[in-house]
Undergrad: 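Below you will find the structure I want to go over with you.
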Amino acid sequence: MNNENALFNMRHTASHVMSYAIKMLRPDVKMGVGPATEMGFYQDYDFGQTPLSVDDFKAIEKKMRWIVNKDFALQKREISVAEAKELFAGDPFKMALIEGIEKKGEACTLYDFVDGEGNARYTDLCAGPHVASTGQIGTFKLMKVAGAYWRGDENEPMLTRVYGGTFADADGLAAHLHMLEEAAKRDHRKLGKELDLYTTSDLIGSGLPLFTPRGTVVRDAIQDEIMKLQYAHGYRRVAIPHICKKDLYETSGHWQKYKDDLFHVHGKGDTEFVMKPMNCPHHTQIYASQMRSYRDLPIRYCEVTACYRDEQPGELLGLSRVRALTQDDGHVFCRMGQIKDEAAKIIDIARAFHTKTGMWAEGNFEVYLSVRDPEKPEKYLGDSANWDIAEQLLEEVAAEAGLKVKREEGEAAFYGPKLDFQFADAIGRKWQLTTIQLDFVMPDRFDLTYINEAGEKERPVMIHRAIAGSLERFMAVLIEHYAGAFPAWMAPVQAVLLPVGQQHDAFTDDLQKQLMTAGVRAEIDVPTETLGKRIRASQKAKVPFSIIIGDTETGGGPLTVRRYGAQKDEQMTVEELISALA
RNA sequence: GCCACCGUAGCUCAGGGGUAGAGCACAUCCAUGGUAAGGAUGGGGUCGUGGGUUCAACUCCCACCGGUGGCUCCA
């Protein structure tokens, strides 16, 4: 048995130890399932009328330690389905599991916790495997309770899921708790407040973040970078209103499926409007406003614009899941033969952008090619031959860009294949940021055409693409990636000027003007507090450069500069400082 | 939406059936200071909202609003 299996068994056994402990404290509890997880284990329970809370953990852990110290042996035995049904008659979830075993025609296995005298103290239905005795489960800790549906189905009853962690020893537990603490320190919701990047208001509503001046600098820096790269690749900016008639989505085919997730708007008349949840249908209407020639293609539109989706409150999360999200959206209308070039351009933009933001250089991303499910070709709309070509082209273009791609069969949207880039944040959560999606359907729905070389109408292919995804979510990822200490080019404040005393104010004002003229975001922290306190404040605000101005500097010496997090100062001229910030 | 927990000053939090506290932040004054918290004084809260129980509710109960964690792992 290898280490991984041993660990798995240890965790699985721990879930049974917890169940025995909970059974002692709450004899009426009904049991759901309880597997091992990456960090430990969980077990689902039905506590009936008296719910369990984290306040009960102490008592449960105490019982668990008693069970561990008794070092009960785990003994496996096999019984018939009939015997099992009799034994677990009072527990509807166990009965459901036993019926499942019966259908598969297998025998039931039990595990007994056996004491020194050979008596079974606790018995549970379980396929195993387990460690030999309860003394071997290592260091454990109950972590949290959560709701979970029986069999993961929201139509089934809600059970209480108790999570625990198991570790080889106390050091392992301490390391895990430390990791959680570190992740919590980087949480963008905490840093967003501490660094004054965004806020929310009960009067405005949940999932509707407000960006402060500091946060807006970061947003604009991201947006400007994307726009600069896109412009160089032939994209042109468009602007559209944020509401439209529902007719647009009836034509696109989104209405039936998404109307409950939209914000509906009513004006004076009977016309029904909605807040736009996406931009592609709008962009098709710009394309459709003129007769297009094959010579005009590809046509590339882009914009950074807000979309509105009525997410369920429980789905909202800081900046990561919001109800008003700002997309860096873009659409390309092109011919089949141009797909490869266009996809290559988008990959170029994504590579340049994510290299600059530091996400790409870290190499912490994966690329997925979502293609049709070969078993169910009827699920997909559009010409099958075009699908074959497009899937092939995307695969080629990714390979030529040097990307390692994971092929995901059956993950394509019904309207076309796609290439997704997933980046991992500080605590390992994966976020899809860049996406390239081909669409054979929407051009059809909106009857988009161009005139080909022979003077005939032809249907363009549409490419939907985003580089950062949504600015909100991307900011959340960046805040956590940098733990709030942004690189200078996107830092809300790039330099804080700290005059030692009031006699240095005039020099400091001049320096600020000089820096601001050079495009540096420089602020002055006036000497109403001690220098030590002001340095502390600038470091806590994670400002890239703190510049100390005293007699030495006003007397003609170089600037004294402390970089964020540095222990020592550097000497640099104004010009050197400006170029360090460029 | 569902389950659990939480909601007290701008922020982080303590408290508890008899109408409230700390630290930070803020303001004023003193200190004019050279590298991660100088000192003193002061302002600031219908204890999320609405209802109920009670002589009395910020505290207990209910509903609502908001926040956090979870709702993929199959005996």
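Letters go in sequence order (proteins before strands), and every chain restarts at 1. Atom set for the values below is all heavy atoms of this structure, side chains included, hydrogens, waters and symmetry mates excluded.
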Undergrad: Could you state the CD-C1' distance from A:Glu194 to B:C24, rounded to the nearest angstrom?
TA: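 A:Glu194 atom CD is separated from B:C24 atom C1' by 12 Å.
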Undergrad: With a 4.0 Å cut-off on heavy atoms, is A:Thr552 in touch with a base, just the backbone sugar-phosphate, or nothing at all?
TA: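 Counting heavy atoms under 4.0 Å across all strands, the contact made by A:Thr552 includes a base.
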Undergrad: Considering only atom P, compute the distance from B:A14 to B:C73 and round it to an integer number of Å.
TA: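 B:A14 and B:C73 have their P atoms separated by 34 Å.
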Undergrad: In this structure, is the centre-to-centre distance between the rings of A:His130 and A:Tyr111 below 6.0 Å?
TA: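 Yes.
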Undergrad: Determine the Euclidean distance between corresponding P atoms of B:A20 and B:C13; express it in Å to zero decimal places.
TA: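 To the nearest whole Å, 23 Å.
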Undergrad: Distance check: side-chain N/O of A:Thr160 vs OP1/OP2 of B:A4, anything under 4.0 Å?
TA: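 False: A:Thr160 side-chain N/O out of range (4.0 Å or more) of B:A4 OP1/OP2.
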Undergrad: I'd like the C1' distance from B:C2 over to B:G42, given in whole Å.
TA: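 Rounded to whole Å, the distance is 49 Å.
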Undergrad: Taking the minimum atom-to-atom distance to the side chain of A:Leu125, which one of B:U35, B:G67, B:A75 wins?
TA: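 Out of B:U35, B:G67, B:A75, the nucleotide with an atom closest to A:Leu125's side chain is B:A75.
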Undergrad: As a test of reading the structure: which of B:G1, B:G70, B:A75 is closest to the side chain of A:Ala146, going by heavy atoms?
TA: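 Looking only at side-chain atoms, A:Ala146 lies closest to B:G70.
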Undergrad: Tell me: CH2 of A:Trp150 to C1' of B:C2, nearest whole Å?
TA: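 So the CH2-C1' distance, A:Trp150 to B:C2, works out to 17 Å.
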Undergrad: Under a 3.5 Å cut-off for both distances, is B:C60 Watson-Crick or wobble paired, and to whom?
TA: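 Answer to the pairing question: B:G52, which forms a Watson-Crick or G-U pair with B:C60.
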Undergrad: Strictly by Watson-Crick or wobble contacts shorter than 3.5 Å, is anything paired with B:G21, and which nucleotide is it?
TA: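 Its partner is B:C13 (Watson-Crick or G-U wobble, both distances under 3.5 Å).
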Undergrad: Give one of base, sugar-phosphate or nothing for A:Arg534, where a contact means two heavy atoms less than 4.0 Å apart.
TA: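 Nothing, no heavy atom under 4.0 Å.
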Undergrad: So A:Ile101, base contact, sugar-phosphate only, or nothing? Heavy-atom distance under 4.0 Å.
TA: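 Answer is base: heavy atoms of A:Ile101 come under 4.0 Å of a base.
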Undergrad: Hey, is the main chain of A:Ser80 close enough, under 3.5 Å, to the side chain of A:Glu83 for a donor-acceptor pair?
TA: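 A pair under 3.5 Å: yes.
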Undergrad: Among B:G34, B:U32, B:A75, which is the nearest nucleotide to the side chain of A:Leu531?
TA: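 Per side-chain heavy atoms of A:Leu531, the pick is B:G34.
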Undergrad: Please determine, for the side chain of A:Gln502, which listed nucleotide (B:U32, B:A4, B:U35) has the closest atom?
TA: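 When the side chain of A:Gln502 is considered, B:U32 is the closest of B:U32, B:A4, B:U35.
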Undergrad: Decide if atom NZ of A:Lys63 counts as having more than 12 heavy atoms of other residues, nucleotides or ligands within a radius under 6.0 Å.
TA: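 Atom NZ in A:Lys63 is not crowded, with 12 or fewer foreign heavy atoms closer than 6.0 Å.
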Undergrad: When the C1' atoms of B:U59 and B:U46 are considered, how many whole Å apart are they?
TA: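 Roughly 16 Å separates the two C1' atoms.
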Undergrad: How is A:Asp569 classified with respect to the nucleic acid when contacts are heavy atoms under 4.0 Å: base, sugar-phosphate, or nothing?
TA: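 The answer is base, as A:Asp569 lies within the cut-off (heavy atoms under 4.0 Å) of a base atom.
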Undergrad: Partner of B:G7 by Watson-Crick or G-U wobble geometry, both contacts under 3.5 Å, or none?
TA: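 The base-pairing partner of B:G7, which may sit in any strand shown, is B:C65.
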Undergrad: Base, sugar-phosphate, or nothing for A:Thr560, non-hydrogen atoms under 4.0 angstrom?
TA: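 Answer is base: heavy atoms of A:Thr560 come under 4.0 Å of a base.
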Undergrad: Name the nucleic acid region contacted by A:Glu553, choosing base, sugar-phosphate or nothing; use a 4.0 angstrom heavy-atom cut-off, strictly under.
TA: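 The residue A:Glu553 makes base contact.
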Undergrad: May I have the distance from A:Tyr42 (atom OH) to B:C74 (atom P), rounded to whole angstrom?
TA: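 The answer, rounded to whole Å, is 7 Å.
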Undergrad: Closer than 4.0 Å, any side-chain N/O of A:Lys190 to the OP1 or OP2 of B:C11?
TA: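 For B:C11, neither OP1 nor OP2 has a side-chain N or O of A:Lys190 closer than 4.0 Å.
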Undergrad: Once you round it to whole Å, what is the distance between C1' of B:G34 and CG of A:Asp525?
TA: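 Answer to the nearest Å: 15 Å.
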Undergrad: Base, sugar-phosphate, or nothing: which does A:Gly501 touch, judged by heavy atoms less than 4.0 Å apart?
TA: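 Contact class for A:Gly501: base.
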Undergrad: Roughly how many Å apart are B:G48 and B:U35, using the C1' atom of each and rounding to a whole number?
TA: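 Nearest-Å result for B:U35 against B:G48 at atom C1': 43 Å.
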Undergrad: If I compare all heavy atoms of A:Gln512 with all of A:Ala522, which pair ends up nearest, and what's the gap?
TA: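 Heavy-atom minimum between the residues: NE2-O, 3.1 Å.
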Undergrad: Measure up the A:Tyr258 and A:His254 rings against each other and bin them: parallel (under 30°), tilted (30 to 60°), perpendicular (over 60°).
TA: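 Rings of A:Tyr258 and A:His254: tilted, 30 to 60°.
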Undergrad: What integer distance in Å separates A:Leu159:CG from B:C3:P?
TA: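 So the CG-P distance, A:Leu159 to B:C3, works out to 12 Å.
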Undergrad: For the side chain of A:Glu529, starting at C-beta, report the closest nucleotide among B:C73, B:G69, B:G38.
TA: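 In terms of side-chain proximity for A:Glu529, the closest of B:C73, B:G69, B:G38 is B:G38.
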Undergrad: Taking the side chain of A:Val145 as its heavy atoms from C-beta onward, which of B:A4, B:A75, B:A36 lies nearest to it?
TA: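 Looking only at heavy atoms from C-beta outward on A:Val145, the closest nucleotide is B:A4.
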Undergrad: Determine which nucleotide pairs with B:U35, using a 3.5 Å limit on both distances of a Watson-Crick or G-U wobble pair.
TA: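 None - no nucleotide pairs with B:U35, as no candidate has both distances under 3.5 Å.
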Undergrad: Charged N to carboxylate O under 4.0 angstrom, A:Asp124 versus A:Lys94?
TA: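 A salt bridge links A:Asp124 with A:Lys94.
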Undergrad: Can a side chain N or O of A:Lys540 be found less than 4.0 Å away from OP1 or OP2 on B:C11?
TA: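 Result: no.
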Undergrad: Are A:Trp255 and A:His264, when compared by the centres of their aromatic rings, separated by less than 6.0 Å?
TA: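 Under 6.0 Å, so yes.
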Undergrad: Side chain of A:Pro35 only, please: which of B:C73, B:U35, B:G38 is the nearest?
TA: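 Shortest atom-to-atom distance from the side chain points to B:C73.
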Undergrad: In whole angstrom, give the distance that lies between atom OH of A:Tyr163 and atom C1' of B:C5.
TA: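 For the pair A:Tyr163 OH and B:C5 C1', the rounded distance is 15 Å.
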Undergrad: Can you tell me the Watson-Crick or wobble partner of B:U28, both distances under 3.5 angstrom?
TA: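 By the stated definition (distances under 3.5 Å), B:A40 pairs with B:U28.
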Undergrad: 5'-most contact on RNA chain B: A:Tyr564 or A:Pro527, nearest heavy atom basis?
TA: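 Counting from the 5' end, the first nearest nucleotide belongs to A:Pro527.
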Undergrad: For B:G1, which nucleotide is its Watson-Crick or G-U wobble mate, given both distances must be under 3.5 Å?
TA: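 Answer to the pairing question: B:C71, which forms a Watson-Crick or G-U pair with B:G1.
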Undergrad: Between B:C11 and B:C26, how far apart are the C1' atoms? Round to whole Å, please.
TA: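 Approximately 12 Å lies between the C1' atom of B:C26 and that of B:C11.
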Undergrad: Kindly point out which of B:A75, B:U35, B:G33 is positioned nearest to the side chain of A:Val33?
TA: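 Per side-chain heavy atoms of A:Val33, the pick is B:A75.
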Undergrad: Less than 3.5 Å between a donor and an acceptor, one on the side chain of A:Gln503 and one on the base of B:G33, is that the case here?
TA: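 Flag unset: no donor-acceptor pair detected.
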Undergrad: For the rings on A:Tyr163 and A:Tyr42, is their centre-to-centre separation under 6.0 Å?
TA: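 Close enough - the centres of the two rings lie under 6.0 Å apart.
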Undergrad: What's the CZ-P distance between A:Arg161 and B:G69, to the nearest Å?
TA: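 Nearest whole value for this atom pair: 17 Å.
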Undergrad: Need one value for A:Asp124: base, sugar-phosphate or nothing, where a base atom within 4.0 Å counts as base even if backbone is also close, heavy atoms only.
TA: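 Here A:Asp124 touches no strand at all.
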Undergrad: State whether A:Glu472 and A:Arg321 are salt-bridged, where the test is any N-O pair (Lys NZ or Arg NE/NH1/NH2 against Asp/Glu carboxylate O) under 4.0 Å.
TA: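 Here A:Glu472 does not pair with A:Arg321 in a salt bridge, since their nearest N and O are not under 4.0 Å apart.
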Undergrad: Please state how far atom NZ in A:Lys193 lies from atom C1' in B:G7, giving the value in whole angstrom units.
TA: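 Rounding to the nearest Å, NZ of A:Lys193 and C1' of B:G7 are 11 Å apart.
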Undergrad: How is A:Thr530 classified with respect to the nucleic acid when contacts are heavy atoms under 4.0 Å: base, sugar-phosphate, or nothing?
TA: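 It contacts base atoms.
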Undergrad: Any chance the rings of A:Tyr20 and A:Phe113 have centres within less than 6.0 Å?
TA: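 Yes, the ring of A:Tyr20 comes within the 6.0 Å limit of the ring of A:Phe113, centre to centre.
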Undergrad: Could you work out which one of B:A75, B:A36, B:G34 sits closest to the side chain of A:Arg536?
TA: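 Per side-chain heavy atoms of A:Arg536, the pick is B:A36.
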Undergrad: Taking B:A57 as the reference, what is the distance to B:G69 when you measure between their P atoms (whole Å, please)?
TA: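 These two P atoms come out 36 Å apart once rounded.
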Undergrad: Does a side-chain N or O of A:Arg189 approach OP1 or OP2 of B:G69 to a distance below 4.0 Å, or not?
TA: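 Yes, A:Arg189 has a side-chain N/O under 4.0 Å of OP1/OP2 on B:G69.
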Undergrad: I'd like the C1' distance from B:G44 over to B:C3, given in whole Å.
TA: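 Going atom to atom, C1' in each nucleotide, I get 38 Å.
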Undergrad: Can you tell me which nucleotide in B:C11, B:G69, B:C71 comes closest to the side chain of A:Lys144?
TA: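 Among B:C11, B:G69, B:C71, the one nearest the side chain of A:Lys144 is B:G69.
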